[in-house]
Amino acid sequence: MTDLLIVTSETDNHVNVVINELHKSDVQAIRLNSESFIQQSQYFYEWQASGNPIQSFLSFEDSLKKVQEVGVIWWRKPDEYQLFPEVNDDWAIKYCREETEHLIYSLSGLYPKARWINNYYNMRLLSHRINQIPIAQKLGITIPPTLVTNSYEAACEFVTQQGKCIVKAMRYAGFVHDEKQYACYTRPIDVETLEAFRESIRLAPVFIQKRIQKKAEYRVTLIGKHDFVCRIDAKHINDSDVTLDWRVTEPDKLVHVPDKLPIDYLNKLHQMLDEFGLNFGAFDIIRDEDDTLYFIELNPNGQWYWIEILTKMPMVRAMVELIEDLALQYQQDC
C-alpha cells in the first residue's frame with residue numbers, strides 16, 4: 001500500500017473529505033497536522049557516507065499511524081507548529097519552531113521518489129504573482145495592463161492612461177489590530193487617491209491594474225486532467241465592494257453556476273500548470289463586455305471544496321483520482 005502524506009492543519013476540511021473518499025482506495029492517507037507534529041510524532045532518518053539512505057521512520061501518536069512508503073505528498077495548509085510546554089524561552093521557541101519547519105521543508109530530500117500534487121517549492125515560485133506574467137505571455141494568455149512601482153509619477157501616468165484602475169496586494173493578506181482581523185482586498189484607485197498617498201507610495205511596491213469591466217467572472221479549478229469552471233456572480237448583492245472583489249463576502253451569498261470556457265483556453269491553463277510541474281491550480285478569470293478573457297491570477301494552493309458544496313461538481317472525486325494516478329506512477333517507477 002502506498003502512503004499519501006498530507007501536510008496541513010487540524011482545521012483543513014478539504015483534507016477531511018478527501019481522506020473519507022480515500023477509504024475506498026489502496027492509498028493510505030497519513031495526516032501531518034502542524035499543530036500536533038512536534039508533540040505527537042516520532043521520526044528518524046539516517047544516511048550512509050555515500051548518501052544512500054539506511055533507514056527512515058515516521059509515526060504519529062495522535063492518529064496511531066506509521067509511515068510505510070510515502071509515494072505521494074500533498075502540501076495543503078500547515079499552520080504554526082505548537083511546541084512542548086517546557087519550551088518557554090524566546091530563543092528556544094524560535095529554534096525549535098524553525099528547525100521543525102526546515103525538516104518539513106525537506107520532504108523532497110526525505111522522500112526523493114515521492115510524487116507531489118504540487119511541489120512546495122514550485123508553489124512558492126508561483127505564489128509571487130509577477131512570476132506568472134511571463135508564462136501567461138508565452139502561452140498567449142491575456143492579462144489586464146499592469147504596473148508595479150514605488151513611484152508616484154509612474155503610478156499617476158499609468159492610471160491617467162488606463163482610466164479606471166484597481167490596486168491590490170501582491171501577497172499580503174491581512175493583519176490583526178485590536179484583536180480584530182482585517183483583510184487586504186482589491187480596491188479602486190484614481191489620481192486623486194494617489195495624490196493623497198503621494199508621500200507613502202515610495203514605502204512599498206504598489207501593484208496596479210486596469211479595471212476590467214466584468215461581463216462574467218470565473219473560478220477555474222484544474223485537478224489533474226479534470227477542469228471545473230464555476231461562474232461566480234455578485235451583481236445581485238448590489239455592493240460595489242463585493243462586485244470588485246467577491247472575497248469580501250461569504251461564498252454562499254454569491255451565485256455559483258457550473259459553466260464552460262473554450263477548450264483551447266482551458267488547454268492553455270493546463271499548459272501553465274505544466275510549465276511549473278503542477279497538477280492542481282485555481283485560476284481567477286474575467287470575461288469583459290467584448291468577450292475577451294483576462295487571466296487575473298493562479299493560486300497553486302487555492303481553496304475549492306466550497307465550490308463542490310454549492311455546485312455539486314465532483315471535485316473531491318477528481319482529487320482522489322489524481323492521488324491514485326500519482327501513487328500508480330510512483331509504484332511503476334519503483
Leu83 versus Val87, closest heavy-atom pair with distance: CD1-CG1, 3.9 Å
Any donor-acceptor N/O pair, Asp284 side chain to Glu297 backbone, under 3.5 Å: no
Pairwise distance CG(Leu139) to NE2(His270) - rounded to 0.5 angstrom: 13.0 Å
Ser36 backbone acceptor or donor facing Asn33 side chain under 3.5 Å: no
Inter-residue atom distance Asn16.CG - Tyr305.OH, 0.5 Å rounding: 9.0 Å
Exam field: side chain Gln132 to backbone Leu126, donor-acceptor pair closer than 3.5 Å: yes
Lys94 vs Asp90, salt bridge (charged side-chain N to carboxylate O under 4.0 Å, His left out): CA-CA, chis, key distance, verdict: CA-CA 6 Å; Lys94 184 176 187 292; Asp90 287 346; over 6 Å; no
Criterion side chain to side chain contact (heavy atoms under 4.5 Å, CB included) on Leu58 and Tyr111, from CA distance to verdict: CA-CA 12 Å; Leu58 174 61; Tyr111 304 105; 3.7 Å; yes
Asp190 atom CG, over 12 foreign heavy atoms within 6.0 Å: yes
For Trp75 against Tyr120, the heavy-atom pair lying closest together: CE2-CD1, 3.4 Å
Note, Val257 side chain near Tyr218 side chain (heavy atom, < 4.5 Å): no
Glu324 bridged to Arg317 by N-O distance under 4.0 Å: yes
Contact list for residues 264-275, test salt bridge (charged side-chain N to carboxylate O under 4.0 Å, His left out), sequence neighbours left out: Lys138-Glu275
pair Asn131-Phe276: side-chain heavy atoms closer than 4.5 Å: no
Check: His14 side chain, Gln303 main-chain N or O, donor-acceptor pair, under 3.5 Å: no
Whether over 12 other heavy atoms sit under 6.0 Å from Phe197 CZ: no
Common cluster, Phe280/Ile19, ILVMFWY with side-chain heavy-atom separation under 4.5 Å: yes
Lys66 atom NZ, neighbour heavy-atom count above 12 within 6.0 Å: no
Least distance between heavy atoms, Ala327 atom then Val72 atom: N-CG2, 3.5 Å
Within one Ile-Leu-Val-Met-Phe-Trp-Tyr cluster: Val220 and Ile135, side-chain cutoff 4.5 Å: yes
Lys113 and Asp333: CA distance, side-chain angles, deciding distance, side chain to side chain contact (heavy atoms under 4.5 Å, CB included) verdict: CA-CA 8 Å; Lys113 295 181 180 180; Asp333 288 346; over 6 Å; no
CA sep, side-chain torsions, deciding dist, call: Leu269, Asp227, side chain to side chain contact (heavy atoms under 4.5 Å, CB included): CA-CA 10 Å; Leu269 300 185; Asp227 42 70; over 6 Å; no
Test item: side-chain donor near acceptor, Glu35 and Gln82, under 3.5 Å: no
Flag side-chain contact, heavy atom, 4.5 Å: Ser56 against Val70: no
Residue Tyr95 excluded, over 12 heavy atoms near OH under 6.0 Å: no
Cluster overlap Leu328 with Leu326, hydrophobic side-chain contacts below 4.5 Å: no
Leu107-Phe57 co-clustered via ILVMFWY side chain contacts under 4.5 Å: no
Reported CD1-to-CG distance for the pair Ile73 and Asn119, which is rounded to 0.5 angstrom: 8.0 Å
Asn52 vs Ser50, side-chain hydrogen bond (donor to acceptor under 3.5 Å, both in side chains): CA-CA, chis, key distance, verdict: CA-CA 6 Å; Asn52 290 329; Ser50 64; 3.1 Å; yes
Close side-chain approach of Asp12 to Arg31, heavy-atom, < 4.5 Å: yes
Donor-acceptor contact present, side-chain Ser9 to main-chain Lys77, <3.5 Å: yes
Heavy-atom closest pair, residues Phe84 and Ile38: CE1-O, 3.6 Å
Salt bridge present between Glu321 and Lys225 (N-O < 4.0 angstrom): no
Full working for side chain to side chain contact (heavy atoms under 4.5 Å, CB included) between Gln42 and Glu61: CA-CA 8 Å; Gln42 185 179 36; Glu61 295 179 12; 5.5 Å; no
Cluster link Ile296 to Ile232, ILVMFWY, side chain under 4.5 Å: no
Tyr330 side chain to Arg115 side chain, donor-acceptor N/O pair below 3.5 angstrom: no
For the student: nearest non-hydrogen atoms of Trp116 and Asn279, plus distance: O-ND2, 3.0 Å
Main-chain N/O of Lys210 paired to Gln162 side chain as donor or acceptor, under 3.5 Å: no
Pairwise side-chain contact, Phe228 with Thr311, heavy-atom cut-off 4.5 Å (strictly under): no
Student check: side-chain heavy atoms of Asn118 and Asn122 closer than 4.5 Å: no
Side-chain heavy-atom pair Glu153, Glu157 within 4.5 angstrom cut-off: no
Flag, side chain of Asp290 to backbone of Thr292, donor-acceptor distance under 3.5 Å: no
Worked check of side-chain hydrogen bond (donor to acceptor under 3.5 Å, both in side chains) between Glu199 and Tyr152: CA-CA 8 Å; Glu199 298 303 321; Tyr152 164 77; over 6 Å; no
Heavy-atom pair of closest approach, residues Ala29 and Lys65: O-NZ, 2.7 Å
Phe60 and Phe37 aromatic ring geometry - parallel, tilted or perpendicular at 30°/60° bounds: tilted
Spacing of Asn299 atom CG and Arg129 atom CZ [to the nearest 0.5 Å]: 9.5 Å
Residues Asp288, Lys214: salt bridge by 4.0 Å N-O rule: no
Hydrophobic cluster of Met1, others only, ordered by chain and residue number, side-chain cut-off 4.5 Å: none
Interatomic distance, Tyr105 atom OH to Leu110 atom CG [nearest 0.5 angstrom]: 14.5 Å
Interatomic distance, Cys156 atom SG to Glu192 atom CD [nearest 0.5 angstrom]: 9.0 Å
Validation row: Ile117, Met319 side chains within 4.5 angstrom (heavy atoms): yes
